[in-house]
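Shown next, in structure tokens, is the structure this report addresses.
Numbers for residues simply follow the sequence, beginning at 1. The figures that follow rest on heavy atoms only: side chains count, while hydrogens, waters and symmetry mates do not.
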Amino acid sequence: MTEKKRLYAGAAIGLAIAAALGFGAARLTQAPPPAAPAETPVGPAASSNSVVMSAQAITTSRIDVAPTASGELDAAILASATVEATPDAEAVITARAPGTVTRIFTRTGDPVEVGQTLALVESRDASQIAADSAAASARVTLASRQLARERTLLNQGVSPRADYETAQANLAVAQADARRASAAANAARVARDGRSVAVVSPVAGRITAAAANLGRFVAAETELFRVVDPSRLQITANVPPTDAARVRAGDRVELTTSDSRVIDARVRSATGVVDPRSRTATVVVTPTAGASTLVPGQLVQARILASGGAARNGVMVPQDAVQTLGDQTVVFVRTRSGFVARPVQVGSRSSGMVAIVGGLAAGTPIATTNAFLLKAEIEKEAAE
């Protein structure tokens, strides 16, 4: 029994030694773990206003790099504009008295002349005005006859001068009353039938709107027609306040329509007042040629050749190259490792170009197209 225990103990000790030797050999022969790969610098560098980017990444991102150039900013101002009729070329025609529309002589699109009757409105007020005018005219006739009778009696020595002077005063009062009644009839445009008022166009042109319907009762001053003379036009352009001060009356303007036609025009006047809603100033432009091809309500692009000055001897960069980073206006200057945002001072803007008046020298290579991608990369790193 003792011999067996000794054998079992020796076998257990041998197995333990063999296991220890095997584990040690495995540790010695095991390959070391692979080293962690070195991080490749991507995106912004240590500086918060720089972006690390290889030439291949710049090409892939379609970021164009070009040197800045010195020059003079074109004095032209680009602005959206609307074609309108001049104030004296558009008329809103209303009924001069309440009543019912009984006759309509024109329709939308018809040409009309000055003083042409467009419709008739039957009205009780017209009848009253016509009756007042007729009564006033009758009183003038009666007063005239009385004055003639008193003149005859005075010449014969039968009637005193006081009666003659009284007859003169009565005639003057009757004539004044007749003039008032006639003016009221003319203002209401009472028709010859004595019961209708005529709806008359005060301008020549074409009917652009017609709200009148037969049998419709309309109140006084209700709009029935709208007439516009398309040959008398003006264009109102909305100009940024910074550029409005450079516009002068008489400056040449090029109007470009949606079909790429160019029409010459001149600046008639500038209001100099900034609209609180649109934050723009209004410039009134008058076409000098080709006005027949424009229609009221049409949208055009105005290129105003302002004579009030331009930025001279500055550094010119494309407008897409100028970005806003925080509270600074910057451009992205090309470096060996990528780009760095450089604060600049911006002058005038015109025709897609910006004048840099400080912070950038001519000939400096900068990002022009897709510079906003660099701005987004810096903002993303700042947010992280």
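- Contact between Ala362 and Val315 at its shortest, heavy atoms only, is N-CG2, 3.9 Å.
- Between Gln234 and Val285, the closest side-chain pair of non-hydrogen atoms is not below 4.5 Å.
- Put simply, the side chain of Leu299 does not reach to within 4.5 Å of the side chain of Val83, judged on heavy atoms.
- Contact detail for Leu233 and Pro287: the closest heavy-atom pair is O-CD, 3.8 Å.
- Considering OG1 of Thr152 and CD of Gln156, their distance stands at 6.5 Å, rounded to 0.5 Å.
- Residues Ala341 and Phe332 come closest through the heavy atom pair CB-CE2, 3.7 Å.
- At most 12 heavy atoms of other shown residues, nucleotides or ligands fall within 6.0 angstrom of atom CZ in Arg195.
- Residues Gln301 and Leu255 have side chains not in contact (no heavy-atom distance under 4.5 Å, counting atoms from C-beta outward).
- We find the CD-CZ distance between Gln175 and Arg180 to be 14.5 Å, quoted to the nearest 0.5 Å.
- Note on Phe372: it clusters hydrophobically with Leu374, by side-chain heavy-atom contacts below 4.5 Å among ILVMFWY residues.
- Leu154 has its side chain within reach of Arg161: a pair of non-hydrogen atoms, C-beta onward, lies under 4.5 Å apart.
- Ion pair Arg266/Asp251 not flagged as a salt bridge, since none of the NZ, NE, NH1 or NH2 atoms sits closer than 4.0 Å to an Asp/Glu carboxylate oxygen.
- Proximity of Ile93 to Ser201: side-chain heavy atoms (C-beta onward) are separated by under 4.5 Å at one or more points.
- The line from OG1 of Thr368 to CG of Asp320 is 8.0 Å long, rounded to the nearest 0.5 Å.
- More than 12 heavy atoms of other residues, nucleotides or ligands sit less than 6.0 Å from atom CZ of Arg232.
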Walk me through it: do Leu214 and Thr102 pass the test side-chain contact (heavy atoms from CB on, under 4.5 Å)? CA-CA 6 Å; Leu214 282 177; Thr102 57; 5.7 Å; no
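- Checked by atom type and distance alone, the side chain of Arg96 pairs as donor or acceptor with a backbone atom of Ala187 at under 3.5 Å.
- When all heavy atoms are compared, the tightest approach of Thr68 to Ala361 is OG1-O, 2.9 Å.
- A distance-only check finds no donor-acceptor pair linking the side chain of Lys375 to the backbone of Leu325 [under 3.5 Å].
- With contacts defined as side-chain heavy-atom distances shorter than 4.5 Å, the pair Val227/Thr208 does not qualify.
- Ala85 and Val228 get closest at one heavy-atom pair: CB-CG1, 3.7 Å.
- For Ser123 and Asp125, the side-chain atoms include no donor-acceptor pair closer than 3.5 Å.
- A salt bridge does not link Asp110 with Arg206: none of the charged nitrogens is closer than 4.0 Å to a carboxylate oxygen.
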For side-chain hydrogen bond (donor to acceptor under 3.5 Å, both in side chains), just list the numbers for Thr166 and Asp163, CA-CA rounded to whole Å, side-chain angles, deciding distance to a tenth of an Å, and then say yes or no. CA-CA 5 Å; Thr166 300; Asp163 292 346; 5.2 Å; no
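- For the pair Thr288 (side chain) and Asp264 (backbone), a donor-acceptor distance under 3.5 Å is present.
- Counting only distance, with no hydrogens or angles, the side chain of Gln298 and the backbone of Val295 share a donor-acceptor pair below 3.5 Å.
- The CD atom of Gln323 sits 10.5 Å away from atom CD1 of Ile378, with the distance rounded to the nearest 0.5 Å.
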Please assess Ser159 against Glu150 for the test side-chain hydrogen bond (donor to acceptor under 3.5 Å, both in side chains), listing each intermediate value before the final yes or no. CA-CA 7 Å; Ser159 177; Glu150 291 296 333; 2.8 Å; yes
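- For Arg151, the CZ atom is densely surrounded, since the number of other residues' heavy atoms within 6.0 Å is greater than 12.
- With Asp275 contributing its side chain and Ser278 its backbone, the two residues share a donor-acceptor pair below 3.5 Å.
- At least one side-chain heavy atom of Val331 sits under 4.5 Å from a side-chain heavy atom of Val322.
- Here the side chain of Ser50 pairs no donor or acceptor atom with the backbone of Gly338 at under 3.5 angstrom.
- Taking hydrophobic clusters as Ile, Leu, Val, Met, Phe, Trp and Tyr residues chained together by side-chain heavy-atom distances below 4.5 Å, Val274 does not share a cluster with Ile77.
- The minimum heavy-atom distance linking Phe339 with Ile63 is given by the pair CZ-CG2, 4.2 Å.
- Crowding of Arg107 atom CZ: a count of heavy atoms from other residues, nucleotides or ligands under 6.0 Å not exceeding 12.
- Gln328 has its side chain within reach of Pro343: a pair of non-hydrogen atoms, C-beta onward, lies under 4.5 Å apart.
- Checked by atom type and distance alone, the side chain of Asn186 never pairs as donor or acceptor with a backbone atom of Arg189 at under 3.5 Å.
- For the pair Ser61 (side chain) and Ala57 (backbone), a donor-acceptor distance under 3.5 Å is present.
- To the nearest 0.5 angstrom, Ile104 atom CD1 is 6.0 Å from Asn213 atom CG.
- In the hydrophobic clustering of this structure, Val284 does not group with Ile263; members are Ile, Leu, Val, Met, Phe, Trp, Tyr whose side-chain heavy atoms approach within less than 4.5 Å, directly or through other members.
- Under a hydrophobic clustering in which Ile, Leu, Val, Met, Phe, Trp and Tyr are joined whenever their side-chain heavy atoms come within less than 4.5 Å, directly or via other members, Ile356 and Ile366 fall into the same cluster.
- Side-chain N or O atoms of Ser144 include one that pairs as donor or acceptor with a backbone N or O of Val140 at under 3.5 Å.
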Could you walk me through whether Thr94 and Glu221 satisfy the side-chain hydrogen bond (donor to acceptor under 3.5 Å, both in side chains) test, starting with their C-alpha distance in whole Å, then the side-chain angles of each, then the deciding distance to 0.1 Å, before giving a yes or no? CA-CA 5 Å; Thr94 63; Glu221 307 305 326; 3.2 Å; yes
Could you walk me through whether Val300 and Thr82 satisfy the side-chain contact (heavy atoms from CB on, under 4.5 Å) test, starting with their C-alpha distance in whole Å, then the side-chain angles of each, then the deciding distance to 0.1 Å, before giving a yes or no? CA-CA 6 Å; Val300 295; Thr82 304; over 6 Å; no
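- With hydrogens and angles disregarded, no donor-acceptor distance shorter than 3.5 Å links the side chain of Thr117 to the backbone of Val199.
- The cluster map of Ile, Leu, Val, Met, Phe, Trp and Tyr, joined by side-chain heavy atoms under 4.5 Å apart, puts Leu153 and Leu147 in different clusters.
- Distance check, rounded to the nearest 0.5 Å: CD1 of Ile58 to CG of Asp64 gives 10.5 Å.
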Hey, mind stepping through Val317 and Val354 against side-chain contact (heavy atoms from CB on, under 4.5 Å) and telling me if it holds? CA-CA 5 Å; Val317 299; Val354 179; 4.2 Å; yes
For the pair Asp88 and Val203, evaluate side-chain contact (heavy atoms from CB on, under 4.5 Å) and give the outcome as yes or no after the intermediate values. CA-CA 8 Å; Asp88 60 344; Val203 298; over 6 Å; no
